[in-house]
Number of protein chains: 4
Amino acid sequence: MRTGRPRDPLVTQRALAATWDLLSTKGYSALRIDDIATSCGIAKTTLYRRWPSLAHIVVDAVVSRIGDRTFTPTDDPVADLRAVSSMLVQSVNAGKDSWVSIALSLHEQSDSELRLRYRERIIDPVRELLAEVLERTALAGCLATTIPTDQLADMLIGGTVYRLVFLHSPLTEDEVTTIIGGLLTAR
Amino acid sequence: MRTGRPRDPLVTQRALAATWDLLSTKGYSALRIDDIATSCGIAKTTLYRRWPSLAHIVVDAVVSRIGDRTFTPTDDPVADLRAVSSMLVQSVNAGKDSWVSIALSLHEQSDSELRLRYRERIIDPVRELLAEVLERTALAGCLATTIPTDQLADMLIGGTVYRLVFLHSPLTEDEVTTIIGGLLTAR
Amino acid sequence: MRTGRPRDPLVTQRALAATWDLLSTKGYSALRIDDIATSCGIAKTTLYRRWPSLAHIVVDAVVSRIGDRTFTPTDDPVADLRAVSSMLVQSVNAGKDSWVSIALSLHEQSDSELRLRYRERIIDPVRELLAEVLERTALAGCLATTIPTDQLADMLIGGTVYRLVFLHSPLTEDEVTTIIGGLLTAR
Amino acid sequence: MRTGRPRDPLVTQRALAATWDLLSTKGYSALRIDDIATSCGIAKTTLYRRWPSLAHIVVDAVVSRIGDRTFTPTDDPVADLRAVSSMLVQSVNAGKDSWVSIALSLHEQSDSELRLRYRERIIDPVRELLAEVLERTALAGCLATTIPTDQLADMLIGGTVYRLVFLHSPLTEDEVTTIIGGLLTAR
DNA sequence: TCGTAAACGAGACGGTACGTCTAGTCTTTGG
DNA sequence: CCAAAGACTAGACGTACCGTCTCGTTTACGA
């Protein structure tokens, strides 16, 4: 038997919208739970009833925002690979509202369930998409290396992130083209 | 004219030792400036006289600890590549006292000088070492790809970090062997 | 025409019983509306439908519990005075479930109707009883002072309360005997 | 050895002044620790370093404000009694900044040391003053009752407080005159 | 040898955000 | 319309931590 006042679905919606808004405006490190509450007119207690911490809200906000990316492959695996790689670089380098900075902040988070959720909804889809495209490229005989495609995907994503986060010089589209070129068999 | 009481050189030493100790025990996110001060018996004021912020202390602590890695190359570039790759994986996966988590936390840091210092002392050496070894491997004609060696280095390091930080399943030695194998020309 | 579900008379009863129970167990300052609701299995909404605030519930609980004290006077006014005084001291010093602490908390209450109700049901009866007995004592010529009897009653009750609340050393039975003795004419 | 930065005496001063100000403006029940902090420009943390709770600040504020009342007796004990009684009534009925409401709020306070401090500095002086004057009146043979003077003092103060807090009809100067008159021997 | 200027230890201070608590209101389902 | 359950608003609370400040004390150097 369901009883009691049901949770207002608008609350979740408004909270996540406000969170996303603040996130892309000020960035994760400047995100304050009170600001979220104020900006969407929801009491802090209500936020804490639904999410155990700020990090949980953020994960949900990102998930609800960019969780449903789709890519419809063509029958040219090489073209697909170039397209997906380009998308990858753009999304990583997107700035304050990149999924990367949230992933970084989750690394030290003790709540493994939260990390898992973010990984399954945000990180894995990108990885799987890239790995698939690489796999199809390999099956088409266009890949010049025998490195397993999923590890190749890790290296491509990792490389992009590394350039941004560690070296602070984001990977450019040209460089991606070079790298992809180096991965393909000469024709 | 230098006058006044000279700075006690032991202070820096003790502070960095204590910082490193706490860092490897509790991890960066649980590091508190007061804890450092207490654990080494140095006043917080003294710490702030020498370092402008907690992050600076941490950077120095890491630098003084693992800043002097050396690798003496042999005349077998392939063997060197395998050795360096193995070292890389170990250092990334080292745990709480890995240089990786500090690098992550510096990403959002506004002080670019600090980031630069960490990069020059900690991040770049690893990268350059790997790039060099890759370059020598390429010159020896053993590399199966035309991707520029420095970008290959980024991908290798980035991939390792990505596995740890994003996927929370550290790269294993076996997997490195596979990857390196895929990079080399068949004999 | 009265329609709909009739109010369950047991609800009021259970609520007041639970309130009184918590009141005498934990005291007024530790009384929580949610605790009352939980402990008697009544929804908070239901409580608020019947009483406008926590204070109102408490007042009703006390009224229903100790609102019906009776004292049947004898034809010996001095003996009556001694008996009533003794009762007074006992009720004031009763502990956590004394009517005194509720009276104190009502002092700052804005709802004057509520205060009035408590006064009429709890405070005034005691006062009037004492004043009456004093009056009869005076008429019998046994009172050694010309202070009006109602003000004398105020002083007796006030003195007892003052000892408890302000000095935290409750008036003893012996002291009451002394005071009453001092009020009476020597024989 | 005294070490560390000494506490700024102005902090205490400013905090207590602000507390007293808010207390007499809005009353105890509307007193907020944040308001005190804001209104005197002192960080909340600093307040909590010096006083463990709001109640402690308030006690200190009242003590520092009205802790040093003096009364210089004349050689007419009856006149003194009338004067002191009048002062008593005025101070009890003073309104929001009366010492009475703070005393009431301390009743439920668990910290007995705090209660003791308030009693010793605020409550007892009034009581002792009144008891002394009564005693001198008795020695002069002007007292019409054999009730011990300290208990008489309790009754007078208690009666005044009772009228204010329980009956919400403060004792008037005229009534005090009547009561005092009733206590004195006819001439 | 003695003054002086900086280093140092200790801890107060301002400020910001956090997560918790509680009173009282609102909104459902079910009787 | 009542009752139960629980979501919701609003606002104060006390804590944690950072980086700064202000003392008294200590120590090397130069006058």
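Note that the structure is a prediction, hence the values are computed from the model and not measured. Chain naming here is simple, since letters A, B, ... match the order of the sequence lines and numbering starts at 1 in each. When reading the values below, keep in mind they use all heavy atoms of this one structure, side chains included, and skip hydrogens, waters and symmetry mates.
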Participant: Nearest whole Å is fine: how far is F:dG14 P from D:Asp111 CG?
Facilitator: 13 Å
Participant: Taking only residues two or more places apart in sequence or in another chain, which ones pass side chain to side chain donor-acceptor pair (under 3.5 Å) with B:Glu108?
Facilitator: A:Ser29
Participant: Go through F:dC8, E:dG11, F:dG19 for me and flag the one nearest to the D:Arg5 side chain.
Facilitator: E:dG11
Participant: For D:Arg115 and C:His168, test the side chains for any donor-to-acceptor distance below 3.5 angstrom and give the result as yes or no.
Facilitator: yes
Participant: Using the C1' atoms of five pairs at each end, what's the angle between the two axes of the helix from E:dT1-F:dA31 to E:dG31-F:dC1, to 10 degrees?
Facilitator: 10°
Participant: Can you tell me how far C1' of E:dG14 sits from CZ of D:Arg14, to the nearest Å?
Facilitator: 11 Å
Participant: Between the side chain of B:Arg121 and the main-chain N/O of B:Val63, is any donor-acceptor distance below 3.5 Å?
Facilitator: no
Participant: Applying salt bridge (charged side-chain N to carboxylate O under 4.0 Å, His left out), can you list everything that pairs with C:Asp21, at least two apart in sequence or on another chain?
Facilitator: none
Participant: Only counting residues at least two apart or in another chain, list the ones meeting ring-ring contact (aromatic ring centres under 6.0 Å, His included) with B:Tyr118.
Facilitator: none
Participant: If every non-hydrogen atom of D:Leu31 is compared with every non-hydrogen atom of D:Thr19, which pair is closest and at what distance?
Facilitator: CD2-CG2, 4.1 Å
Participant: Quickly work out the B:Asp8 CG to E:dC8 P distance and round it to whole Å.
Facilitator: 6 Å
Participant: Please state how far atom CG in B:Leu10 lies from atom C1' in E:dA7, giving the value in whole angstrom units.
Facilitator: 14 Å
Participant: Look at the side chain of B:Leu54 and decide which nucleotide, out of F:dA7, E:dT28, F:dG19, has an atom nearest to it.
Facilitator: F:dG19
Participant: Ignoring backbone atoms, test whether C:Arg50 places a side-chain nitrogen or oxygen under 4.0 Å from the OP1 or OP2 oxygen of F:dC2.
Facilitator: no
Participant: Taking for each residue the nucleotide of DNA chain F with the nearest heavy atom, is it D:Gly4 or C:Pro9 whose nucleotide lies nearer the 5' end?
Facilitator: C:Pro9
Participant: Could you tell me whether the side chain of B:Trp99 reaches within less than 4.5 Å of the side chain of B:Ile123, counting heavy atoms only?
Facilitator: yes
Participant: Take atom CD of C:Gln109 and atom P of E:dA23, then tell me their distance rounded to the nearest Å.
Facilitator: 13 Å
Participant: Which salt bridge (charged side-chain N to carboxylate O under 4.0 Å, His left out) pairs, counting each pair once, include a residue from residues 42-52 of chain A, with sequence neighbours left out?
Facilitator: A:Asp34-A:Lys44
Participant: Quick one: are C:Trp20 and C:Ile57 in side-chain contact, heavy atoms under 4.5 Å?
Facilitator: no
Participant: When you match B:Pro6 and D:Ser53 each to their closest nucleotide on DNA chain F, which lands nearer the 5' end?
Facilitator: D:Ser53
Participant: So which of residues 18-49 of chain B are in contact with DNA chain F, with a heavy-atom cut-off of under 4.0 Å?
Facilitator: B:Leu31, B:Arg32, B:Ile33, B:Asp34, B:Lys44, B:Thr45, B:Tyr48
